[in-house]
Amino acid sequence: MSGHERLYRALLHAYPAEYREVYAEPMIQLLRDRVRDECGGVRSFSMWGHLGWDLVRTALSERTETTMASFKTGWWRYSAGFIALAMAFLGIGNGTTDDGGPLYGRVLGAVGASLAALVIVAGLTVRRRNPRRGSMMIAFGVLPGVGLLVFFWFPPVGAIGVLAMFTAIAAFNDASRQRRVRSEPEPGTG
Amino acid sequence: MAKTSSDPHDLLPLPGAQLHVLLALADGEKHGYAVMREVEQMTDGEVTMGPGTLYGAIKRMLSAGLVEETDERPDPEMDDERRRYYRTTGFGARVLSAETERLERLVQTARAKTQHRLDPRLGGVT
């Protein structure tokens with residue numbers, strides 16, 4: 001393997017994994033061909049200048065496309081992550097601020113919100129191995145966040161409540177879909 | 001992956017990279033480097049497609065059903081088995097033809113407008 005190829009192979013990590021899986025080898029083959037025909041002295045610099053610009057431009061475009069596609073189908077997972085952060089922040093913030101209310105209420109609120117946030121984070125992790133269980137955990141973790149709807153008079157917090165409601169619906173819906181997928185027999189086996 | 005449209009006009013105007021790849025493949029199947037070279041020749045060296053541009057275009061064209069991968073080798077003895085060859089599909093040929101017609105109409109309009117502007121007898125600039 002030449003130095004050119006080693007360097008290009010390393011740079012290809014700028015592309016999303018799914019893209020690399022299919023196109024990394026043909027792209028490296030194309031580089032080999034170009035090195036064979038174009039390399040030597042100043043021409044190497046010119047070739048690498050062209051390759052570098054091509055890589056930056058197209059890797060960015062592929063990354064954006066992959067992220068957008070993943071966001072389209074899994075927006076609620078991003079939203080659940082945001083709600084977990086918001087609940088932990090609001091819960092702990094409220095727990096440590098003396099607003100004249102009873103201490104046990106503030107502590108209970110902080111612990112509850114932190115636990116719900118932890119359930120969401122655990123659900124997001126578990127979902128990679130067990131999608132149905134992960135989605136159920138996310139849905140139940142997000143549910144307390146719907147309670148933030150009572151703060152409708154304070155729009156940023158009330159909006160998180162609305163988001164939590166839609167996220168919980170999407171997570172329950174995904175868990176139910178995963179259940180159907182698992183219970184459907186494999187073609188030819190039923 | 002299956003194509004998502006059956007009307008060639010739905011894909012027009014074609015992005016530049018896809019048009020160049022379709023033109024390069026119009027006279028037979030080629031591998032990536034051959035496509036790159038053909039595009040360079042067609043454009044008198046003005047367009048050199050990098051690997052990312054080329055395979056990004058091919059990825060989208062495969063998904064739109066404009067090109068397909070082929071196992072046939074023009075000269076198997078002279079070639080590396082690992083190379084991937086691509087050829088235009090029937091749908092790809094129809095899209096290329098529709099895009100060519102669109103460009104022809106555009107060039108005619110552009111010629112008419114610039115001639116009118118340059119010809120003093122027609123009230124254009126001198």
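Throughout, a chain's letter reflects where its sequence line sits, starting with A, and its residues are numbered from 1. Remember, predicted model here, so these are calculated numbers, not experimental data.
Of the two parts of Glu25(A), neither the backbone nor the side chain holds a non-hydrogen atom closer than 4.5 Å to a non-hydrogen atom of chain B. Only the side chain of Leu51(A) comes within contact range of chain B, with at least one heavy atom under 4.5 Å from a heavy atom of that chain. If you measure heavy-atom distances from Met49(B) to chain A, the contacts under 4.5 Å come from the backbone alone.
In this structure, Pro51(B) and Leu30(A) approach most closely via the heavy-atom pair CG-CD2, 4.0 Å. Pairing each heavy atom of Arg34(A) with each of Gly50(B), the nearest pair is NH1-CA, 4.3 Å. Across every non-hydrogen atom of Tyr15(A) and Gly52(B), the tightest pair is OH-CA, 3.5 Å.
Atoms OG1 and NE2, on Thr53(B) and His50(A) in that order, are 6.5 Å from each other to the nearest 0.5 Å.
The greatest number of non-hydrogen atom pairs below 4.5 Å with chain B, out of Asp33(A), Leu31(A), Asp37(A), is found for Asp33(A).
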- Could you walk me through whether Lys59(B) and Glu21(A) pass the salt bridge (Lys or Arg N to Asp or Glu O under 4.0 Å) check? CA-CA 12 Å; Lys59(B) 184 187 107 175; Glu21(A) 208 172 285; over 6 Å; no
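Atom CZ of Arg36(A) is surrounded by more than 12 heavy atoms from other residues, nucleotides or ligands within 6.0 Å. More than 12 heavy atoms of other residues, nucleotides or ligands sit less than 6.0 Å from atom CZ of Phe172(A). Taking a 6.0 Å sphere around OH of Tyr78(A), one finds it holds more than 12 heavy atoms contributed by other residues, nucleotides or ligands. Summarising the local packing, CH2 of Trp53(A) is surrounded by 12 or fewer heavy atoms from other residues, nucleotides or ligands at distances under 6.0 Å.
Val56(A) is not connected to Leu7(A) by any chain of hydrophobic side-chain contacts under 4.5 Å among Ile, Leu, Val, Met, Phe, Trp and Tyr, and they are in different clusters. Phe140(A) and Met137(A) are assigned to two separate hydrophobic clusters, defined by single-linkage of ILVMFWY side chains at heavy-atom distances under 4.5 Å. Hydrophobic clustering places Met42(B) together with Val47(B) (ILVMFWY residues linked when any side-chain heavy atoms are closer than 4.5 Å, directly or through intermediates).
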